[in-house]
Trainee: 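One structure is given below, represented as structure tokens, and several questions about it will come after.
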Amino acid sequence: MALHRNQKLNLLRIAVLLTAALAGLKFFFRDSFMLDQHKGPSRESSFWDKARDREESAKPRDGSLELSEVKAAAVRQESRKQPVQDFSTTQMRLVHLDLKGAAPKVSYLEQVFPLFSKLGANGVLIEYEDMFPFKAELEVLKSPYAYSEEDIEKIQDLAELNKLEVIPLVQTFGHVEFILKHDRYRHLREVERFPNSFNPHVPETFTLLKALLTQVLSKHRRSSWVHIGADEVFHLGEGMDSKNWLSRNAGDVGKMYLNHIQEVVRFVASQDWGLQVLMWDDMLRKISVAAVQDSGITKYASPMLWFYAPNFDTQQIGKYISKYAECGFETIWFASAFKGTTGPAQAWTPLNHHLQNHLQWLSIMQSMAKTPFTRLQGIVLTGWQRYDHYSALCELLPVGIPSLAVCLQTLVNGGFNEATKKKVLDLLGFKSLQLEKSTCAGNGAFPGSDIYRMVEQVNGQLKDAVTKVLEEESSIKGWFSPYHRKHHFGNPRNMEGFGSKVLKVHEDWESIIQTLRSHMEAIYFPDTIEEWMEENVNPHMDQLRKFVWDFKEIIRLNARPKTQ
């Protein structure tokens with residue numbers, strides 16, 4: 001009987017132990033299952049294992065994740081932004097890259113960004129225009145040679161590597177020929193004949209601008225500023241819609257301008273981009289302080305005062321600065337020029353002209369302490385490539401680099417002296433420079449220096465060389481008069497000495513042009529090369545080529561009458 005009782009107790013103990021063991025196993029496997037179900041990359045793991053996470057996310061899913069969750073994840077990823085940097089104690093020096101003409105390949109930017117940084121720049125202002133990879137309904141705006149989305153990302157990576165802040169520029173009022181030239185957007189012109197300015201009264205204008213800004217700024221999540229252009233709104237007030245508005249609003253063009261800018265600024269401020277707005281100041285100069293204050297743009301925007309002449313009125317600039325401080329702008333910017341402002345088809349950069357412009361700005365920058373109610377945030381060294389979308393090309397970027405070096409180093413060192421000059425020469429690989437003559441001795445050792453040297457030859461010697469060939473002998477006009485071309489040529493023996501010289505000049509220049517073209521191909525897209533050659537080379541080389549063709553025709557005929 002006792003044994004039976006003990007057996008029952010043992011069996012009971014075993015049952016209790018088994019129950020406890022089963023409960024433990026169930027608890028263990030439940031926790032493991034739940035961890036697998038809810039496990040996701042923590043901040044730490046996503047930081048250290050980005051490559052692995054991307055690889056995992058690329059694998060096919062089992063369909064358990066709902067579509068709404070996928071969309072939510074995409075939105076979170078898209079809205080992620082780097083923390084806004086504090087630039088309150090940093091004075092910015094930006095190099096302006098005007099891409100509405102002669103846009104360089106990304107491979108050249110990779111070479112030249114380190115030089116910008118060494119010269120004293122800490123940012124780049126990029127005016128993409130039709131070089132941005134617009135998509136969907138805006139795809140019609142992009143150039144056949146537009147950068148890809150990968151290019152835009154690489155440009156920002158290269159800038160970050162060289163400690164350069166990237167600021168995109170999106171024109172939102174004037175200088176929008178690249179948009180309004182298309183039939184699809186023709187109805188948005190202020191004046192139907194001119195594609196340069198938006199009609200601010202058409203709702204579609206603002207719809208288009210929101211799409212433009214969204215596409216560009218969504219690809220610049222690291223930026224702290226956006227430049228909205230807003231300068232030189234030609235023909236504003238001349239369109240019928242504007243005339244009707246003005247008749248109801250006391251003819252106040254300034255208010256009409258501010259209403260449009262107010263919409264643009266508010267849209268940028270309402271997004272999660274966290275961007276401060278920059279704008280050219282020329283349209284603000286004649287608008288009253290009260291009107292600017294009432295618009296509310298001073299909370300989110302900063303004016304950029306631009307003057308490019310070597311001897312502009314510094315007192316007038318002082319008045320504008322005081323006005324903008326009174327308006328309530330907390331920060332202001334200046335804009336100088338290192339190239340692209342001395343002629344719509346300028347091929348060679350005048351060094352002293354741009355140096356004097358920067359010395360003027362430097363004197364104003366040094367006096368900013370007298371204006372305590374607004375702070376100078378920085379200066380943009382503009383490098384215009386065209387005066388507008390339809391204008392000829394100005395100086396190529398490699399041609400303007402010596403000027404950029406002189407101007408940047410002048411700002412960095414507070415003036416241009418022998419020490420500054422030596423720094424410029426060392427950085428560019430030159431032996432000496434002559435400011436008044438705009439020449440540099442030595443081959444140069446900066447990206448694009450080969451182009452700089454050959455453009456110098458073309459600009460300074462090609463026209464004179466061809467002219468000399470065509471006018472060297474007084475008898476040339478006789479040999480090539482209309483009568484002789486129609487009936488016969490003179491004795492070729494009389495031309496042997498002169499002819500060999502002509503052929504040599506032609507051969508040498510063809511070689512130079514071909515070499516220049518090959519160097520340009522490493523930096524520029526085909527459209528730029530052809531346009532630059534058409535503007536700067538062909539007008540002279542075509543004359544020389546025709547002359548050589550006629551000369552060879554003389555030799556071929558060997559004094560026989562020319563065929564009728």
Side-chain angles (χ1 to χ4, degrees), residues 100 127 129-130 132 134 136-141 168-217 226-271 275 277-301 303-304 327 388-390:
K100 63 178 174 282
E127 187 165 351
E129 204 179 73
D130 59 1
F132 188 82
F134 293 109
E137 72 276 11
L138 301 181
E139 189 171 3
V140 67
L141 302 180
L169 191 156
V170 182
Q171 288 286 4
T172 57
F173 212 164
H175 286 296
V176 286
E177 296 92 344
F178 83 103
I179 300 172
L180 299 182
K181 70 179 182 182
H182 296 283
D183 288 340
R184 180 183 300 181
Y185 301 115
R186 190 183 187 94
H187 65 290
L188 301 182
R189 297 177 179 182
E190 167 70 354
V191 177
E192 203 278 336
R193 287 179 56 204
F194 305 110
N196 47 21
S197 301
F198 278 124
N199 178 346
H201 310 286
V202 181
E204 282 182 68
T205 292
F206 192 57
T207 301
L208 173 61
L209 285 177
K210 288 194 291 186
L212 280 167
L213 288 164
T214 298
Q215 288 201 21
V216 173
L217 298 183
V226 57
H227 200 305
I228 62 169
D231 61 316
E232 297 181 327
V233 188
F234 300 128
H235 308 295
L236 181 62
E238 296 179 15
M240 188 54 64
D241 288 340
S242 288
K243 288 179 179 178
N244 291 336
W245 187 94
L246 291 171
S247 69
R248 300 190 303 270
N249 292 272
D252 194 340
V253 178
K255 183 178 179 182
M256 183 167 63
Y257 170 82
L258 287 173
N259 284 349
H260 179 77
I261 297 303
Q262 183 183 55
E263 278 195 282
V264 174
V265 170
R266 282 180 175 174
F267 172 72
V268 173
S270 69
Q271 306 303 302
L275 296 170
V277 173
L278 306 177
M279 58 185 291
W280 303 118
D281 84 304
D282 54 285
M283 298 295 289
L284 297 174
R285 295 172 193 171
K286 295 182 180 180
I287 300 177
S288 70
V289 170
V292 176
Q293 289 174 335
D294 291 344
S295 72
I297 67 172
T298 60
K299 183 178 179 181
Y300 305 104
M304 187 173 282
C327 287
D388 62 47
H389 183 79
Y390 290 111

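This one's a predicted model, so the numbers in the text were calculated from it and none came from an experiment.
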Trainee: Taking the side chain from S197 and the backbone from F234, do they hold a donor-acceptor pair closer than 3.5 Å?
Mentor: yes
Trainee: Mind listing the closest non-hydrogen atom pair of H201 and S242 along with its distance?
Mentor: NE2-OG, 3.0 Å
Trainee: Out of E129, E177, K100, which one pairs with H389 under the side-chain hydrogen bond (donor to acceptor under 3.5 Å, both in side chains) rule?
Mentor: E129
Trainee: Measure the shortest side-chain to side-chain distance between I179 and L208 over non-hydrogen atoms and say whether it is less than 4.5 angstrom.
Mentor: yes
Trainee: Just jot down the ring pair (Phe, Tyr, Trp, His ring centres under 6.0 Å) partners of F194, sequence neighbours excluded, or say none.
Mentor: H235
Trainee: Is there a donor-acceptor pair under 3.5 Å between the side chain of R189 and the backbone N or O of L180?
Mentor: yes
Trainee: What I'd like to find out is whether the side chain of L209 reaches to under 4.5 Å of the side chain of F173, using heavy atoms alone.
Mentor: no
Trainee: I'd like to check H175 versus E232 (side-chain heavy atoms, cut-off strictly below 4.5 Å). Are they in contact?
Mentor: yes
Trainee: If we count only N and O atoms by modelled type, under 3.5 Å, do the side chains of H187 and E192 hold a donor and an acceptor together?
Mentor: no
Trainee: In the structure I gave you, are the side-chain heavy atoms of D282 and R285 within less than 4.5 Å of one another anywhere?
Mentor: yes
Trainee: Kindly state each residue pair satisfying side-chain hydrogen bond (donor to acceptor under 3.5 Å, both in side chains) with at least one member in residues 243-252, sequence neighbours excluded.
Mentor: none
Trainee: Please tabulate, for the side chains in residues 255-267, all donor-acceptor contacts under 3.5 angstrom to protein atoms that are two or more places apart in sequence or on a different chain.
Mentor:
{"from": "Y257", "atom 1": "OH", "to": "A230", "atom 2": "O", "distance (Å)": "2.8"}
{"from": "H260", "atom 1": "NE2", "to": "T172", "atom 2": "O", "distance (Å)": "2.8"}
{"from": "Q262", "atom 1": "NE2", "to": "S295", "atom 2": "O", "distance (Å)": "2.6"}

Trainee: Would a distance-only check, ignoring hydrogens and angles, find a side-chain to backbone donor-acceptor pair under 3.5 Å from D241 to N199?
Mentor: no
Trainee: State, yes or no, whether a side-chain contact exists between W280 and H227 at a heavy-atom distance under 4.5 Å.
Mentor: yes
Trainee: Would you call L236 and V253 a side-chain contact if the rule is heavy atoms closer than 4.5 Å?
Mentor: yes
Trainee: Where the side chain of R184 meets the backbone of L138, is there a donor-acceptor pair that is under 3.5 Å apart?
Mentor: no
Trainee: Quick check: does any side chain N or O of Q171 sit under 3.5 Å from a backbone N or O of V176, one acting as donor and the other as acceptor?
Mentor: no
